[in-house]
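First up is the structure itself, then whatever we jot down about it.
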Amino acid sequence: MNNYSYISHLECPKCGEIYKGDHIYQLCKCGSPLLVRYDLEKVKENVSREEIANRTNSLWRYHELLPIQQQKNVVTLGEGMTPFEKLPFLGAEFGLNNLYIKDEGVIPTGSFKTRGASVGISKAKELGVNHLAMPTNGNAGAAWALYAAKADIKATIVMPLDAPQITRKEVYIAGGNLHLIDGLISDAGKVVSSLVQNYGVYDASTLKEPYRIEGKKTMGYEIVEQFGWKVPDVILYPTGGGVGIIGIYKALLELQQLGWIEDKKLPRLVAVQAEGCAPIVEAWNKGEMESKFFENSTTCAFGINVPKAIGDFLVLKGIYDTEGCAIAISEEEILRTQKLIASLEGNFVCPEGAATFAAARILHEQGWIDANEHVVCLNTGFGLKYPETVVIEGVETIKPGQEILLNI
């Protein structure tokens with residue numbers, strides 16, 4: 001009988017220390033995030049990509065490559081296998097013949113954070129966690145609170161005062177213990193660290209538990225499978241904490257080792273940030289392996305307002321190893337592109353997602369992306385979660401019975 005999971009161990013990417021996969025661990029003793037490793041040879045022997053393709057349309061179709069050892073511990077709302085579509089009209093506008101969207105807005109809780117929540121909460125349940133705490137810019141806290149409710153785990157969520165209203169409401173309606181802080185996610189992180197130290201609650205902060213990244217990496221699996229088990233030339237990802245881009249790179253390496261993708265060259269990974277918060281971009285421009293704290297950060301793309309990511313060295317490694325790049329987008333360009341995508345293609349994307357499309361256009365204009373390359377932009381959330389980014393202007397109010405005059 002095949003294993004539900006072929007998890008082998010946890011490994012520190014900095015010092016190489018090995019930890020067991022059936023105990024609660026947060027960071028390595030050296031302070032680095034831990035990565036989950038699998039017995040890929042056993043996966044190769046027991047699972048084929050053809051078998052995967054016949055399974056249910058959820059991220060759990062890849063369960064052998066996820067860390068949950070018993071199926072009974074899986075906490076799911078049916079997440080995964082989000083739309084992967086070509087955007088011909090926007091592509092023509094940008095001069096790109098093969099522009100695609102991977103749309104994470106069409107998923108339970110309305111954002112890609114759902115993936116990390118499903119796998120992270122499932123593993124927390126398997127490990128016997130009964131109370132977790134996390135800092136968040138909004139969507140992650142909302143997702144983890146909702147999945148924690150389904151798993152019967154208490155969730156204490158701390159988010160900045162100016163986080164999107166809807167994400168606060170998601171935490172509240174899920175019965176989460178919500179706290180708002182007059183500061184940034186880094187300030188919220190300090191509060192959570194204190195809770196972990198004083199009360200021994202499970203720290204679900206970005207990359208301070210090893211399993212969120214495993215949920216996020218399934219975006220990489222899906223892109224390759226939906227692309228016919230081939231890889232695109234470029235993948236652009238909105239980067240705050242950076243778990244998504246780290247996860248996608250991890251997925252690509254695992255698929256390569258399994259022999260499920262034959263391409264020797266991996267997609268060039270692009271970390272997209274906002275000009276108002278661009279620590280990864282600054283580090284990449286200087287050829288550095290770690291970023292510096294970005295002072296006075298601010299952006300309408302609230303999910304990527306992370307002034308210093310604990311996994312920055314992993315993000316930068318993924319960029320360097322794939323010959324990718326990092327780019328910062330202005331607020332005006334983010335909002336202009338968000339409207340352009342909706343008006344040309346009908347996709348109401350979040351501002352973070354809009355930033356990736358703006359980046360694709362700019363990189364093509366700079367000659368970094370060729371017109372015929374296959375380009376995938378990740379939209380990480382549903383635009384309706386950010387109603388404040390859309391300002392309605394020039395709309396006429398009419399009276400009952402009044403006719404509308406069209407200028408045809």
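Because the structure is predicted, anything quoted here is derived from the model rather than measured.
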| Exceeds 12 heavy-atom contacts within 6.0 angstrom, atom CG of L405 | no
| task | State whether the side chain of N73 and the backbone N or O of Q69 hold a donor-acceptor pair below 3.5 Å, judged by distance alone. | result | no
| task | Check the pair E93, L344 against side chain to side chain contact (heavy atoms under 4.5 Å, CB included), reporting the backbone distance first and the verdict last. | result | CA-CA 9 Å; E93 178 78 14; L344 288 180; 4.0 Å; yes
| CD (Q197) with more than 12 external heavy atoms under 6.0 Å | no
| message | Please evaluate residues Y38 and Y6 with respect to the criterion ring pair (Phe, Tyr, Trp, His ring centres under 6.0 Å), reporting the C-alpha separation (whole Å), side-chain torsions for both, the decisive distance (0.1 Å), and the verdict. | response | CA-CA 5 Å; Y38 300 86; Y6 287 93; 9.0 Å; no
| task | Heavy atoms only: give me the nearest A359-L236 pair and the separation to one decimal. | result | CB-CD2, 3.8 Å
| E288: what forms a salt bridge (charged side-chain N to carboxylate O under 4.0 Å, His left out) with it, not counting sequence neighbours? | K292
| Taking atom types as modelled and ignoring hydrogens, do the side chains of K86 and N98 form a donor-acceptor contact shorter than 3.5 angstrom? | yes
| query | When rounded to the nearest 0.5 angstrom, what is the spacing between CD1 in I107 and OG1 in T114? | reply | 5.0 Å
| request: Scan side-chain atoms only and decide if T82 and E104 contain a donor-acceptor pair under the 3.5 Å cut-off. | output: yes
| Taking the side chain from Q338 and the backbone from C350, do they hold a donor-acceptor pair closer than 3.5 Å? | no
| Other residues, nucleotides, ligands: >12 heavy atoms within 6.0 Å of D152 CG | no
| message | Donor-acceptor check, side chain of E345 to backbone of A342, threshold 3.5 angstrom: yes or no? | response | no
| query | In terms of side-chain geometry, is the basic nitrogen of E11 or R37 positioned less than 4.0 Å from the acidic oxygen of its partner? | reply | yes
| query | Is the backbone N or O of Y211 less than 3.5 Å from a side-chain atom of E209, with the two atoms forming a donor-acceptor pair by type? | reply | yes
| said: Would you say S297 and N305 are linked by a side-chain donor-acceptor pair, where the criterion is simply a distance under 3.5 Å? | reply: yes
| From L363 atom CG to D370 atom CG, the distance as rounded to the nearest 0.5 Å | 12.5 Å
| query | Is the backbone of V281 close enough, under 3.5 Å, to the side chain of Q273 for a donor and an acceptor to pair up by distance? | reply | yes
| query | Within a strict 4.5 Å, meaning less than it, do heavy atoms of the T109 and N139 side chains meet? | reply | no
| request: Quick one: closest heavy-atom pair of T167 and A142, and the distance? | output: O-CB, 3.9 Å
| message | So, applying side chain to side chain contact (heavy atoms under 4.5 Å, CB included) with L207, which one of D312, L35, I246 is it? | response | I246
| field | Which atom of A140 lies closest to which atom of K113, heavy atoms considered | value | N-CG, 3.5 Å
| Does one side chain, of R61 or T56, offer a donor that lies under 3.5 Å from an acceptor on the other? | no
| query | Are the side chain of N379 and the backbone of G381 linked by a donor-acceptor contact shorter than 3.5 Å? | reply | yes
| Do I329 and I362 touch side chain to side chain, with heavy atoms closer than 4.5 Å? | yes
| query | So with a 6.0 Å cut-off around OH of Y199, is the heavy-atom count from everything else above 12? | reply | no
| Is there a donor-acceptor pair under 3.5 Å between the side chain of H9 and the backbone N or O of K20? | no
| said: Restricting to non-hydrogen atoms, name the atom on A151 and the atom on I121 that form the minimum distance, rounded to 0.1 Å. | reply: CB-CG2, 3.5 Å
| request: Just jot down the salt bridge (charged side-chain N to carboxylate O under 4.0 Å, His left out) partners of E214, sequence neighbours excluded, or say none. | output: K217, K250
| Which is it for K208 and S193 under the side chain to side chain contact (heavy atoms under 4.5 Å, CB included) test, yes or no, and what are the steps along the way? | CA-CA 10 Å; K208 287 191 179 178; S193 292; 3.7 Å; yes
| Distance from F348 atom CZ to L384 atom CG, nearest 0.5 Å? | 5.0 Å
| query | Any sub-3.5 Å donor-acceptor pair from Q256's side-chain atoms to E262's backbone N or O? | reply | no
| request: Keeping the roles fixed (side chain from R268, backbone from I235), state whether a donor-acceptor pair exists under 3.5 Å. | output: no
| Do V196 and Y202 pass the side chain to side chain contact (heavy atoms under 4.5 Å, CB included) test, and can you show the C-alpha distance, the side-chain angles, and the key distance before you say yes or no? | CA-CA 7 Å; V196 171; Y202 185 69; over 6 Å; no
| remark: Sorted by chain and number, sequence neighbours left out, salt bridge (charged side-chain N to carboxylate O under 4.0 Å, His left out) with K317 holds for D321
| message | Give me the atom names and distance for the closest heavy-atom approach of P210 to V36. | response | O-CG2, 3.6 Å
| field | Spacing of CD1 belonging to I327 relative to CH2 belonging to W368, to within rounding of 0.5 Å | value | 9.0 Å
| Pairing of E254 and K44 as salt bridge, 4.0 angstrom limit | no
| request: Check whether any side-chain heavy atom of P232 lies under 4.5 Å from a side-chain heavy atom of I223, and answer yes or no. | output: yes
| request: To the nearest 0.5 angstrom, please state how far the CD atom of E365 sits from the CG atom of L96. | output: 9.5 Å
| note | Looking only at heavy atoms, the pair that brings I7 and P67 closest together is CD1-CB, 3.8 Å
| request: Run the salt-bridge test on E79 and R115 with the 4.0 Å N-O cut-off and return the result as yes or no. | output: no
| task | Ignoring hydrogens and angles, state whether a donor on the side chain of Y386 or E352 is under 3.5 Å from an acceptor on the partner side chain. | result | yes
| Hey, are K385 and E170 close enough for a salt bridge, meaning a charged N less than 4.0 Å from a carboxylate O? | yes
| request: Please report the C-alpha distance between E17 and K29 in whole Å, then the side-chain angles of each, then the deciding distance to 0.1 Å, and finally whether the salt bridge (charged side-chain N to carboxylate O under 4.0 Å, His left out) criterion is met. | output: CA-CA 9 Å; E17 186 77 21; K29 58 190 178 187; 3.6 Å; yes
| Any sub-3.5 Å donor-acceptor pair from S5's side-chain atoms to L66's backbone N or O? | yes
| Value rounded to 0.5 Å, distance of CD1 in I310 from OG in S32 | 7.5 Å
Would you be so kind as to tabulate the donor-acceptor pairs closer than 3.5 Å made by side chains of residues 172-186, with sequence neighbours excluded?
unit_1: N177; atom_1: OD1; unit_2: H179; atom_2: NE2; d: 3.1
unit_1: N177; atom_1: ND2; unit_2: T156; atom_2: OG1; d: 3.2

| request: Evaluate the criterion salt bridge (charged side-chain N to carboxylate O under 4.0 Å, His left out) for residue pair E225 and R49; output intermediate values, then yes/no. | output: CA-CA 8 Å; E225 184 178 351; R49 65 188 195 186; over 6 Å; no
| field | Verdict with supporting geometry, I153 and L132, side chain to side chain contact (heavy atoms under 4.5 Å, CB included) | value | CA-CA 7 Å; I153 294 173; L132 65 86; 4.0 Å; yes
| message | Classify the ring geometry of W260 against W229: parallel below 30°, tilted from 30° to 60°, perpendicular beyond 60°. | response | perpendicular
| field | Of all pairs that satisfy salt bridge (Lys or Arg N to Asp or Glu O under 4.0 Å), the ones with a partner from residues 326-344, not counting sequence neighbours | value | E333-R336, E333-R361
| task | With sequence neighbours excluded, give me every ring pair (Phe, Tyr, Trp, His ring centres under 6.0 Å) pair touching residues 99-153. | result | F84-Y100, Y100-F227, F112-Y237
